[in-house]
Trainee: 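I am attaching a structure below and will ask some questions about it afterwards.
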Amino acid sequence: MLLGLLLLGACAAAPPDTRPDEKSTRLGTSWGEGLESNVSTVSLRRKSDTALSVQTLHYSAARGDGEVLREVQAADGRVGLRVLRENGTAWPIYRRDGVERLQGRSGERYTLQYRNYSRTRTYEIVATVDGLDVLSGRPGSLGNRGYVLRPGAIFQIKGFRKSSSEVAAFRFASVDDSYAANSAAGSRSNTGVIGTAVFELTAPAPSGQPRCGEAPCAFPENGDGPGSGYAPPPSYR
């Protein structure tokens with residue numbers, strides 16, 4: 001399959017002085033301010049339709065508990081994920097019983113930073129926030145196209161993509177103010193998760209110029225109108 005890709009627990013009842021309950025600490029991610037972020041398309045294909053790894057990073061305002069991580073590793077350690085604050089430092093990630101959680105703070109901006117530790121392999125990163133694809137704003141799917149991560153490269157996903165030159169910044173927010181709760185494609189029940197799927201890529205065999213009519217394209221409507229083919233803005237209730 002030829003792809004057009006972008007380069008670049010609930011708490012039991014407790015006394016008042018214990019941790020707040022799950023409902024009060026839930027967070028989502030809002031459609032933040034516009035940030036410049038330029039991308040282009042390339043023609044590569046997946047070596048397999050099966051992802052090398054699929055991971056979920058949970059987040060909320062609850063205090064972290066467990067082993068402290070600065071980076072989550074995927075694809076047998078060949079890909080690393082850090083979640084960066086606005087000042088560039090990493091948000092701490094806590095691992096307990098095999099589950100990785102991040103303690104966020106409502107109103108603060110964050111960035112997903114991926115690093116390819118391989119010197120020879122190229123990967124595709126398909127990322128979701130609150131169950132929504134960060135490129136299209138549609139429900140997350142392993143069949144969606146993603147970003148290209150070249151050997152030894154680092155790239156950052158700063159928000160939901162609005163166009164080939166702009167994204168809407170990721171900001172922690174209340175569930176009511178989240179993009180997922182205010183988008184026809186989203187669901188409040190999916191807030192509080194960041195998903196990462198990693199696929200290995202290879203250059204396609206020479207077969208003429210690929211056409212969008214014959215294979216998926218990263219920007220299927222690119223050029224047909226402003227914002228076409230990207231995540232639509234939220235419709236607040």
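Residues take their numbers from the sequence shown, with the count starting at 1.
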Trainee: Below 4.5 Å, heavy atoms only, C-beta onward: do V148 and T122 meet side chain to side chain?
Mentor: yes
Trainee: Assess the pair Y147 and Y114: is the distance between their ring centroids shorter than 6.0 Å?
Mentor: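 Here the rings of Y114 and Y147 have centres that are no less than 6.0 Å from each other.
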Trainee: Could you tell me the separation between the CD1 atom of I194 and the OG1 atom of T56, rounded to the nearest 0.5 Å?
Mentor: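 The OG1 atom of T56 is 10.0 Å from CD1 of I194, to the nearest 0.5 Å.
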Trainee: For residues 79-94, which side-chain donor-acceptor pairs fall under 3.5 Å, sequence neighbours excluded?
Mentor:
unit_1	atom_1	unit_2	atom_2	d
N87	OD1	T89	N	3.0
N87	OD1	T89	OG1	2.7

Trainee: What's the separation between atom CD in Q103 and atom CG in D65, rounded to the nearest 0.5 Å?
Mentor: 10.5 Å
Trainee: Looking at R46 and E124, is there a salt bridge between them, counting it only when a charged N and a carboxylate O are closer than 4.0 Å?
Mentor: yes
Trainee: Check whether the ring centres of F160 and Y230 lie less than 6.0 Å apart, and answer yes or no.
Mentor: no
Trainee: Give me the atom names and distance for the closest heavy-atom approach of H58 to V99.
Mentor: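 That closest heavy-atom pairing would be CD2-CG1, 3.7 Å.
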Trainee: Could you tell me whether the side chain of R171 reaches within less than 4.5 Å of the side chain of E33, counting heavy atoms only?
Mentor: yes
Trainee: Parallel, tilted or perpendicular: which fits the ring planes of Y59 and F172, with parallel below 30° and perpendicular above 60°?
Mentor: tilted
Trainee: Looking at residues at least two apart in the chain, or sitting in another chain, which of them share a side chain to side chain contact (heavy atoms under 4.5 Å, CB included) with T191?
Mentor: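 Partners of T191 by the side chain to side chain contact (heavy atoms under 4.5 Å, CB included) criterion, ordered by chain and then number, come out as R26, D130, V175, S178, A180.
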Trainee: For side-chain contact (heavy atoms from CB on, under 4.5 Å), just list the numbers for R45 and T202, CA-CA rounded to whole Å, side-chain angles, deciding distance to a tenth of an Å, and then say yes or no.
Mentor: CA-CA 6 Å; R45 69 182 177 200; T202 185; 3.6 Å; yes
Trainee: Under the rule for side chain to side chain contact (heavy atoms under 4.5 Å, CB included), what residues qualify as partners of P234, not counting sequence neighbours?
Mentor: W31, Y179, N182, Y236
Trainee: Check whether any side-chain heavy atom of I125 lies under 4.5 Å from a side-chain heavy atom of V198, and answer yes or no.
Mentor: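 Yes, at least one pair of side-chain atoms sits under 4.5 Å.
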Trainee: Minimum heavy-atom separation for F199 and L142, please, with both atom names.
Mentor: CZ-O, 3.6 Å
Trainee: Between N116 and R121, which heavy-atom pair has the shortest distance, and what is it?
Mentor: ND2-O, 2.8 Å
Trainee: So do V42 and R150 actually touch side chain to side chain, heavy atoms under 4.5 Å?
Mentor: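 R150 vs V42: side chains touch.
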Trainee: Sorted by first residue and then second, give each salt bridge (Lys or Arg N to Asp or Glu O under 4.0 Å) pair with at least one member in residues 180-194; sequence neighbours left out.
Mentor: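 Sorted pair list: D176-R188.
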Trainee: Output the distance between atom CG (L149) and atom OG (S118), rounded to the nearest 0.5 Å.
Mentor: 9.5 Å
Trainee: Counting distance only, does the side-chain N/O of S53 pair as donor-acceptor with the main-chain N or O of A75 below 3.5 Å?
Mentor: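 Confirmed, S53 side chain pairs with A75 backbone.
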Trainee: Can you name the side chain to side chain contact (heavy atoms under 4.5 Å, CB included) partners of D177, sequence neighbours left out?
Mentor: A173, S174
Trainee: When you check the gap from the basic side-chain N to the acidic O, do E166 and R161 get nearer than 4.0 Å?
Mentor: no
Trainee: Measure across V129 and Y110 and return the closest heavy-atom pair with its distance rounded to 0.1 Å.
Mentor: CG1-OH, 3.4 Å
Trainee: What I'd like to find out is whether the side chain of V134 reaches to under 4.5 Å of the side chain of F170, using heavy atoms alone.
Mentor: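 With C-beta onward as the side chain, the pair touches.
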Trainee: Is L112 reachable from V193 through a run of hydrophobic residues whose side-chain heavy atoms are each under 4.5 Å from the next?
Mentor: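 No, no single cluster joins them.
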Trainee: How would you list, by chain and number, every residue that makes a side chain to side chain contact (heavy atoms under 4.5 Å, CB included) with S165, sequence neighbours excluded?
Mentor: N38, S163
Trainee: Any side-chain heavy-atom pair from T196 and V54 closer than 4.5 angstrom?
Mentor: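 T196 does not reach V54 side chain to side chain.
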Trainee: If I compare all heavy atoms of G137 with all of S183, which pair ends up nearest, and what's the gap?
Mentor: O-OG, 4.5 Å
Trainee: Give, for atom OG1 of T25 and atom CZ of R63, the distance between the pair rounded to the nearest 0.5 Å.
Mentor: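 Between T25 OG1 and R63 CZ, I get 12.5 Å after rounding to 0.5 Å.
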Trainee: Side-chain contact test, heavy atoms from C-beta onward, threshold under 4.5 Å: evaluate it for R95 versus R101 and give yes or no.
Mentor: no
Trainee: Kindly work out whether a path of hydrophobic side-chain contacts (I/L/V/M/F/W/Y, heavy atoms less than 4.5 Å apart) joins L52 to V72.
Mentor: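 Cluster IDs for L52 and V72 match.
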Trainee: Could you tell me which non-hydrogen atom of A185 sits nearest to which non-hydrogen atom of R138, and how far apart they are?
Mentor: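 Where A185 meets R138 most closely, the heavy atoms are CB-CA, 4.2 Å.
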Trainee: When hydrophobic residues are tied together by side-chain contacts of less than 4.5 Å, even through go-betweens, does V167 share a cluster with L135?
Mentor: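 No, separate clusters.
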Trainee: Answer yes when R115 and E71 have at least one side-chain N-carboxylate O distance shorter than 4.0 Å, and no when they do not.
Mentor: no
